[in-house]
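Heads up: numbering here begins at 1 and tracks the sequence.
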Amino acid sequence: MFPDLRRDVFVPVAAGLVLFGLFVGAGLFYQGALGGQERLVTFAIIDAILVLGLQVYVGNTGILSFGHIGFGAVAGYAFALMAIDPVEKAKRISDAPFGLTDVHLGPWAGLAVAVAVVLVVGAVVGIGLARSGAESGAVSATVITLALLFVTHEVARNWPDLTGGDRAGLSFKIGGALDSRTPLYLGLLGAILVALLYARSRGGRMAQAAREDDLAARAMGVNPLVQQMVALLISVSVVSVGASLRVYEKGSILPSDFFFNLTLVTLVMLIVGGRRSVTGALLGVAVITAGRELARRMGQDGFELFGLGLDDAPLDWIFRENLKTVFLGVAMLGFMVWRPDGLLDDWDLDRWLHARLRRWRERGAEAPEVPEVVPDLVEGGPGDEAVLVADGVTVSFGGFRALDGAGLEVGRHEVLGVIGPNGAGKTTLLNVVTGLVGSDSGRVALGGADLSGAPSHRIARSGLVRTFQNLRLFGSLTVRENVEVSALVASSTRRHRPPPDVDGLLVAAGLWDVRFRRARELDYGTSRRLELARAAAMSPSFLLLDEPTSGMSDAESEAMVDQVRRMAGLVGAGVVVIDHDLNFITGICDRVTCLDAGQVIATGTPDEVQAHPAVRAAYLGTSGGG
């Protein structure tokens, strides 16, 4: 679950304790030294739990959710129905269904039931999100979460036998609310640690990869739907704890308590601080809580600043009772325009601490050695029997036939080149082989196993891993994290292959010195090497490369020949490569297949294919996309 215990567990736990101390300490300082309201600090702690729960999902998957407060409503009512004394429930919901009027489990058992109920609801909603196309960032996913918010609100309003309706609601007896902040402190500490640990876990890293580039993540064997479902369930569990504590602290629940106002507040807190940062989420809670309190005071009658009454003309149209709500709207709009990534973007305290510790430990350390070539790449080795076959592949887009009975065959000891003029269908064939495009007919098989029609992440896990004509890296992740995502998938799905050595691959690819830089900061040539190293980290049977020298100079193309052979040798993979650079193709390939108008017109050695009359007629030194 955690690739590196020191980096992914010990440091986040230490950082979480520091964040907890800073947040609670700031609240106590405000309450004690500055004479602030105790209730304001209490609800700031509860808001922090809710926002951290939201951050687990939004921050790691990139899917904006308007429905998490709807999950909070479900949890709040479930908690109230379990924890409120039957005598009190009889006053408001004497005809409650399922015999709930007589149920009394106490607050902590009620909290457990609330979490369980929300997990069931979350699983159902998660399936809906999966079917809506959430893995590709479709807007329908956000609409579904918004619909959940309105559904829970309307049910709460219009089912008074269960919820007490929008007038009576449900209430504890007088004095039945929380009498200590200890549960709130425990809830906050738990939420911080869960958010930090999930972000550093195996599943969290895969969710972040899918957030950065869904297509590339699936090509590396990541199933975004699974990661998003896990993130959702963890997220709503944290939200349900915060919602239950909110109900217990307030002593009652009404439909309006968990509706649009609280949704807006929590979203603004997350956006202002930085949705991809746990530290940012806590900072956003502090900033918006302080800002709302200041706005509330400035909107009160008789409030003065430097002796001027703010509720008098000509400022009375601004400083009004609703100034607190106006502040929220202005804060969200302002940050979305001027700083959409929030105050901290994705900066987190645990990453900062780990970077400092790493620099101290690695002072004077040398780079690791390049690992040895995997022996089964050699002809006759134990993996030599694996053959990739695509046969009779036909693909039509509307009335245009991109492939017409095309195919290829390549063994693990070979490097096969695929060439052809623009529009010949080269990339389409690669897309069919890797599951990104469905075919009308034909089959794709690896080592005798039929992969036709399989989803792209399953094909990648079977051993066919690709790069893209246009760079598709996980931009906000570091170079090492890009490679590590593939290695994490390989460790669980490619166990029959030698485990990938992430550091060794980085050294072999010439990426060791930039391993902690973000992928979006790399130059083009370095980005190409990273994409190749990331694919190799999957321990594939075959590397499928789509124009790896696109945009490179002649010298860079020659260097890429050695790079491809080295990376394929390190993981024992055969290679299929599409390229227009004939010098690159002839320098690296054992055999070449030429396509034209979606059909194979020649297959053979590079010299045989270049001399073929049909090839000379269809393709002679042209360049471009395929």
Side-chain angles (χ1 to χ4, degrees), residues 12 15-16 19 22-23 47-48 50-66 68 134 136-139 141-142 145 191-192 195-196 198-200 204-217 224 227-228 231 235 263-292 327-355 471-482 485 516-522 527:
L19 289 174
L22 290 174
F23 190 86
D47 288 342
L50 294 172
V51 172
L52 287 167
L54 184 60
Q55 191 278 332
V56 168
Y57 184 67
V58 176
N60 291 288
T61 68
I63 301 172
L64 185 62
S65 171
F66 286 94
H68 271 59
S136 59
V139 69
T142 299
T145 62
I192 293 172
L196 286 172
Y198 174 71
R200 309 302 170 236
R205 292 179 185 277
M206 292 184 187
Q208 293 158 22
R211 176 196 70 195
E212 293 298 304
D213 193 315
D214 171 80
L215 190 64
Q227 309 310 325
Q228 289 164 6
S235 173
T263 298
L264 179 62
V265 170
T266 52
L267 277 176
V268 172
M269 287 174 171
L270 183 61
I271 290 171
V272 166
R275 72 197 76 176
R276 293 182 294 180
S277 166
V278 176
T279 309
L282 291 172
L283 179 62
V285 172
V287 169
I288 294 303
T289 299
R292 291 180 74 212
F327 167 77
L328 284 177
V330 171
M332 174 175 277
L333 179 61
F335 273 85
M336 292 301 290
V337 172
W338 286 294
R339 197 172 179 86
D341 293 325
L343 291 170
L344 297 185
D345 192 2
D346 58 357
W347 185 93
D348 246 324
L349 180 62
D350 65 326
R351 288 178 177 270
W352 182 84
L353 287 174
H354 180 259
L471 283 170
R472 305 191 76 102
L473 297 174
F474 308 135
S476 70
L477 304 186
T478 66
V479 169
R480 195 182 194 284
E481 288 171 340
N482 268 263
V485 165
F516 296 118
R517 289 179 59 185
R518 296 182 189 273
R520 64 187 178 217
E521 300 171 356
L522 302 178
S527 297

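- Salt bridge present: D346 and R518 bring a charged side-chain N and a carboxylate O closer than 4.0 Å.
- I271 CD1 to I288 CD1: the interatomic distance, rounded to the nearest 0.5 Å, is 10.0 Å.
- Checked by atom type and distance alone, the side chain of D348 pairs as donor or acceptor with a backbone atom of T279 at under 3.5 Å.
- Side-chain contact between T61 and R211: absent, with no pair of heavy atoms (C-beta onward) separated by less than 4.5 Å.
- Although no hydrogens or angles enter the test, the distance criterion places no donor-acceptor pair under 3.5 Å between the side chain of D213 and the main chain of A209.
- For N60 (side chain) and Q208 (main-chain N/O), no donor-acceptor pair under 3.5 Å exists by modelled atom type.
- Judged by distance alone, with hydrogens and angles left aside, the side-chain atoms of T266 form a donor-acceptor pair with the main-chain N or O of T263 at under 3.5 Å.
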Subject >> side-chain contact (heavy atoms from CB on, under 4.5 Å) between T142 and F66, worked out >> reply: CA-CA 7 Å; T142 299; F66 286 94; 3.4 Å; yes
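- Of all heavy-atom pairs spanning R200 and P12, the tightest one is CG-CG, 3.9 Å.
- In this structure, D345 contributes its side chain and W347 its backbone to no donor-acceptor pair below 3.5 Å.
- Summarising the geometry of F474 relative to N482, their closest heavy-atom pair is N-OD1, 3.0 Å, with the distance given to 0.1 Å.
- Side chain of Q55 to backbone of R275: a donor-acceptor contact under 3.5 angstrom is found.
- Side chain of R205 to backbone of A199: no donor-acceptor contact under 3.5 angstrom is found.
- Partners of S235 under the side-chain contact (heavy atoms from CB on, under 4.5 Å) rule, at least two apart in sequence or in another chain, are V56, Y57, H68.
- Interatomic distance, Y198 OH to L196 CG, rounded to the nearest 0.5 Å: 13.5 Å.
- Checked options T145, L54, L267; the residue passing with L64 is L267 (criterion: side chain to side chain contact (heavy atoms under 4.5 Å, CB included)).
- Residues V58 and S65 come closest through the heavy atom pair CG2-N, 3.9 Å.
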**OP:** Check step by step if side-chain contact (heavy atoms from CB on, under 4.5 Å) holds for F335 and L343.
**Re:** CA-CA 9 Å; F335 273 85; L343 291 170; 3.7 Å; yes
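- From R520, atom CZ reaches atom CG of L477 across 9.5 Å, with rounding to the nearest 0.5 Å.
- To the nearest 0.5 Å, atom CD1 of residue I192 and atom CG of residue L349 are 10.5 Å apart.
- Ion pairing between a basic and an acidic side chain is recognised when a charged N comes within 4.0 Å of a carboxylate O; R517 and E481 show no such pairing.
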**OP:** Start with the C-alpha distance between L52 and L282, add both sets of side-chain angles, then the distance that settles side-chain contact (heavy atoms from CB on, under 4.5 Å), and finish with yes or no.
**Re:** CA-CA 8 Å; L52 287 167; L282 291 172; 4.0 Å; yes
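- Rounding to the nearest 0.5 Å gives a distance of 11.5 Å between CG of L50 and CG of L270.
- Between the OG atom of S527 and the CG atom of L522 there is a distance of 4.5 Å, given to the nearest 0.5 Å.
- The side-chain contact (heavy atoms from CB on, under 4.5 Å) check on L333 picks up V337, with sequence neighbours excluded.
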Subject >> Pair V285-F23, side-chain contact (heavy atoms from CB on, under 4.5 Å): steps then yes or no >> reply: CA-CA 10 Å; V285 172; F23 190 86; 3.8 Å; yes
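- Looking at E212, its side chain does come within 3.5 Å of a backbone N or O of S476 through a donor-acceptor pair.
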